[in-house]
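Below is one structure; the comments refer to it alone.
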Amino acid sequence: MRNDEFYIGWMQGAPATFIQFVRKYLLLIFFLAAVVGVLLATSQKKFSTATFEYGKTTTIKGVYAPSPVPHLSVKNNNEIVFIPLVGYGKQGAEGIIQELEKERGISLANKEVTFNGTLLYGDGKVLLQIDKNEAPLKQLSNAEASLPSATKALGPASLKGEVIDPKCYFGVMKPGEGKVHKDCAIRCIAGGIPPVLAITNEKGEKNYVLLVGANGEKLNDKVKDFVAVPSTITGELMQVDNWLVMQVKEMKNDMATFSSDASSQIASACEASCCKKRMQQ
Amino acid sequence: MSVSYQAVGWNRQKKIYDWLIAGFCVFYISVFVGLTLVFNPEATFETLLIRTTSTLALLLLHVILSIGPLTRLNKRFLPLLYNRRHLGVTMFCMAAVHGGFSIFQFHSLGNVNPFASLFISNTHFTSIADFPFQALGFFALLIFLLLAATSHDFWLRNLTPKVWKTLHMFVYVAYLLIVLHVMVGVIQYETNPVFILLLAAGSATLITLHLLAGRKEVQKDNQNYQLQMDGFYEVCRVDDILEDRAKVFCIKEERIAVFKTAGTLFAVNNVCKHQNGPIGEGKIVDGCITCPWHGYQYLPHNGCSPAPFKEKVSTYDVKIFEGKVWLNPAPYPEGTERPGAVIELEPVIIKPVTPQNI
């Protein structure tokens with residue numbers, strides 16, 4: 001750089017040596033940007049193949065039941081397919097069902113209904129989003145209906161996995177799991193979407209367990225501390241059509257413990273408190 | 001400096017700068033989006049938008065934070081500094097798209113206000129691995145918003161340069177928040193070490209550049225001037241200062257630039273009133289001391305900006321004794337006229353032409 005060369009931004013041009021130098025630096029910066037872009041783009045985890053048919057609605061006929069979670073049992077060839085229902089956005093389907101029941105003056109439980117909604121599916125599971133703004137109930141049979149639902153008790157079990165919200169996991173969000181999606185999953189479950197435990201075996205195969213309380217009650221306000229972190233869930237496992245369902249007795253992870261048994265909750269709380277006191281001493 | 005609020009005036013250099021910023025963004029987005037779609041065809045628009053804008057904003061933030069120390073180490077980086085605020089506003093826009101869309105995606109359409117959801121969904125504030133990382137990004141975005149909103153010289157003028165500069169130093173707080181946001185966020189999800197390695201490389205580069213630039217400044221500040229006479233310190237020889245240029249001396253924590261122009265030495269405070277730029281690394285242009293950072297100008301004899309501008313810097317007494325420059329570090333009030341020190345020309349000895357000295 002010659003000593004008389006001086007750069008002033010408000011002038012029309014820059015000295016030649018400055019221009020040459022900056023050009024070389026810009027080439028380096030563009031090259032680094034390309035390297036960063038390539039590395040980041042190719043290092044991301046694979047996205048799931050689950051699908052949310054956004055903008056497309058499908059009509060499904062089946063028998064509605066509110067438990068273990070609001071769902072349709074749909075006859076497909078010789079098997080019954082269990083299709084959990086979810087609402088629009090981060091909402092469960094219960095509110096919409098209650099509005100429809102109020103509107104029709106009849107309980108939808110165990111009635112043959114035809115719903116129009118948006119399908120979500122992946123990994124062998126299907127869910128249906130119903131939106132009150134899209135008049136989801138197309139047909140309703142007033143007579144009680146039943147399908148030969150295959151419910152089978154599998155006994156006590158303790159499973160380790162990650163609590164997810166099935167709406168995002170099965171297509172709305174990619175990724176719909178893990179730390180980056182945690183807040184969304186908490187919000188979805190708080191809004192009424194049934195919690196699901198996603199488990200992976202040693203071969204990398206996945207299975208999914210709908211979580212309900214020990215007496216079949218909703219667990220939505222109990223699972224917040226177990227969402228998107230490795231957790232062990234213990235309870236009575238059962239097979240309901242093509243879904244596993246667990247009546248949860250206990251949930252544990254590194255940060256929290258939940259037990260459906262009030263006395264053991266007190267015991268856990270005492271244990272934590274005593275432990276804390278011992279540490280302080 | 002604008003004396004009233006007016007839209008940004010684009011000159012040729014600014015236009016080139018802005019086109020380069022736009023080109024850089026388009027280039028990066030093309031690479032990232034194109035390759036993600038090739039290697040991950042199941043990617044959704046929403047996730048691509050969130051990831052492209054976040055990674056681009058972080059890349060731009062590293063470029064922005066590197067420009068300061070780079071210009072301290074090599075003056076030829078100055079063209080990058082001149083319009084750096086446009087780079088900052090671009091980075092904020094990318095971060096705002098990332099943050100805004102993430103809040104919409106992860107927190108809206110639920111049973112509580114999305115902004116409330118941001119703070120009440122994950123409340124594991126005592127856990128490192130499970131820390132609610134989105135809150136960190138939110139506070140960083142607020143800082144970027146404040147910096148982008150006050151980036152115009154109108155705010156520099158109204159907030160005063162000292163307050164403005166202090167406010168804009170919060171970019172380092174925002175950077176720290178962003179590093180934590182990434183560390184307890186995406187790095188807890190992605191398993192490929194590339195993510196943490198790239199972040200570590202970026203942070204290490206910034207820290208190294210800042211340390212090198214800092215060391216250079218400290219070396220300048222730590223010069224010792226022993227010879228003292230009536231409050232004046234001997235600082236250098238008259239010949240050490242080039243015409244229309246300056247040398248900078250730090251005496252008793254006063255940074256003073258001594259300029260040589262038109263046969264006279266003048267001493268002014270080295271810190272530009274605009275953004276604390278190093279006046280002493282500037283040059284006399286059209287009779288004015290011109291700051292190298294943004295071209296702010298001051299008259300050498302009184303430290304005042306030429307009308308209608310109103311910036312002023314302190315002036316100092318300087319004198320010449322036996323070919324040496326002597327400097328008094330006691331500052332005069334900003335804008336005080338001082339006579340400077342006239343350089344006496346050495347007598348030219350004309351030798352008679354003889355056959356011996358031809």
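Because only heavy atoms are used, hydrogens play no part in the values below, and waters and symmetry mates are left out as well, while side chains stay in. Residue numbering restarts at 1 for every chain, and letters A, B, ... go by the order of the sequence lines.
Interface summary for chain A: among B/Leu56, B/Asp130, B/Asn192, the most heavy-atom pairs under 4.5 angstrom belong to B/Asp130. Of all the listed residues (B/Glu46, B/Lys15, B/Gln134), the one sharing the greatest number of non-hydrogen pairs under 4.5 Å with chain A is B/Gln134. Chain B forms more heavy-atom pairs under 4.5 Å with one residue of A/Pro175, A/Ala256, A/Ser48 than with any other, namely A/Pro175. The candidate from A/Thr42, A/Thr51, A/Leu40 with the greatest count of non-hydrogen atom pairs under 4.5 Å with chain B is A/Leu40. When each of A/Ile19, A/Val172, A/Leu39 is scored by its heavy-atom pairs under 4.5 Å with chain B, the top score falls to A/Leu39. Looking only at heavy-atom pairs under 4.5 Å with chain A, the residue among B/Ser102, B/Pro79, B/Gly282, B/Gly23 that has the most is B/Pro79. When B/Trp293, B/Tyr17, B/Phe39 are compared by the number of non-hydrogen pairs under 4.5 Å with chain A, B/Phe39 comes out ahead. The choice from A/Gly37, A/Ala41, A/Ala34, A/Gly89 that makes the most heavy-atom pairs within less than 4.5 Å of chain B is A/Ala41. Contact count versus chain A (heavy atoms, under 4.5 Å) is highest, among B/Val38, B/Val184, B/Thr52, for B/Val184. Comparing B/Leu59, B/Thr191, B/Thr290 by heavy-atom pairs within less than 4.5 Å of chain A, the highest count is held by B/Thr290.
Of the two parts of B/Leu20, the backbone and the side chain both hold a non-hydrogen atom closer than 4.5 Å to a non-hydrogen atom of chain A. Contact of B/Ser127 with chain A is made through the side chain alone, with heavy-atom distances under 4.5 Å. Residue A/Asp254: no heavy atom, backbone or side chain, is found under 4.5 Å from chain B. Interface remark: B/Ala201 contributes no atoms to any contact with chain A (heavy atom separation under 4.5 Å). For B/His107, the parts lying under 4.5 angstrom from a heavy atom of chain A are both the backbone and the side chain. Residue contact with chain A, scored on non-hydrogen atoms closer than 4.5 Å, is absent for B/Leu81. The contact between B/Gln105 and chain A is made by backbone and side chain atoms together, counting heavy-atom distances below 4.5 Å. Of the two parts of B/Val33, neither the backbone nor the side chain holds a non-hydrogen atom closer than 4.5 Å to a non-hydrogen atom of chain A. Of the two parts of A/Glu177, the backbone and the side chain both hold a non-hydrogen atom closer than 4.5 Å to a non-hydrogen atom of chain B. If you measure heavy-atom distances from B/Leu198 to chain A, the contacts under 4.5 Å come from the side chain alone. With a 4.5 Å cut-off on non-hydrogen atoms, B/Val285 touches chain A through its side chain but not through its backbone.
Taking NZ of A/Lys224 as the reference point, atom OG of B/Ser121 lies at 7.0 Å (rounded to 0.5 Å). Here NZ of A/Lys174 is found 14.0 Å from CD1 of B/Ile50. Values are rounded to the nearest 0.5 Å. How far CG of B/Asn11 is from CD of A/Gln12: 6.0 Å, rounded to the nearest 0.5 Å. Here B/Phe27 contributes atom CZ and A/Phe31 contributes atom CZ; the two are 9.5 Å apart, rounded to the nearest 0.5 Å. Expressed to the nearest 0.5 Å, how far CG of B/Leu80 lies from CZ of A/Phe21 amounts to 8.5 Å. Note that the CD atom of B/Glu281 and the CZ atom of A/Phe6 stand 9.5 Å from one another [nearest 0.5 Å].
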Apply side-chain contact (heavy atoms from CB on, under 4.5 Å) to residues A/Val38 and B/Leu35 and explain how you reach the verdict. CA-CA 7 Å; A/Val38 170; B/Leu35 285 173; 3.5 Å; yes
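Of all heavy-atom pairs spanning B/Phe77 and A/Tyr25, the tightest one is CE2-CD1, 3.4 Å.
Taking the six-membered ring where the residue is Trp, A/Phe30 and B/Phe24 present perpendicular rings, their angle passing 60° and hence far from 30°.
Taking 4.5 Å as the limit, every side-chain heavy atom of A/Met173 sits out of range of all side-chain heavy atoms of B/Thr47. Using a 4.5 Å heavy-atom threshold, the side chains of B/Tyr189 and A/Lys45 count as touching. In this structure the side chain of A/Gln44 reaches within 4.5 angstrom of the side chain of B/Phe195, judged on heavy atoms. In this structure the side chain of A/Val22 never reaches within 4.5 angstrom of the side chain of B/Arg76, judged on heavy atoms.
In B/Leu197, the CG atom is crowded: over 12 heavy atoms of neighbouring residues, nucleotides or ligands sit closer than 6.0 Å. Counting non-hydrogen atoms of neighbouring residues, nucleotides and ligands closer than 6.0 angstrom, the CG atom of B/Asp286 reaches no more than 12 such neighbours. Within 6.0 Å of the CE atom in A/Met255, the count of heavy atoms belonging to other residues, nucleotides or ligands exceeds 12. Under a cut-off of 6.0 angstrom, the local environment of CD1 in B/Ile128 is sparse, with at most 12 non-hydrogen atoms contributed by other residues, nucleotides or ligands.
In this structure, the side chain of B/Gln13 engages the main chain of A/Ile8 through a donor-acceptor pair within 3.5 Å.
Residues of residues 178-196 of chain A having a heavy atom under 4.5 Å from any heavy atom of chain B, listed by number: A/Gly178, A/Lys179, A/Val180, A/His181, A/Lys182, A/Asp183, A/Cys184, A/Ile186, A/Arg187, A/Ala190, A/Gly191.
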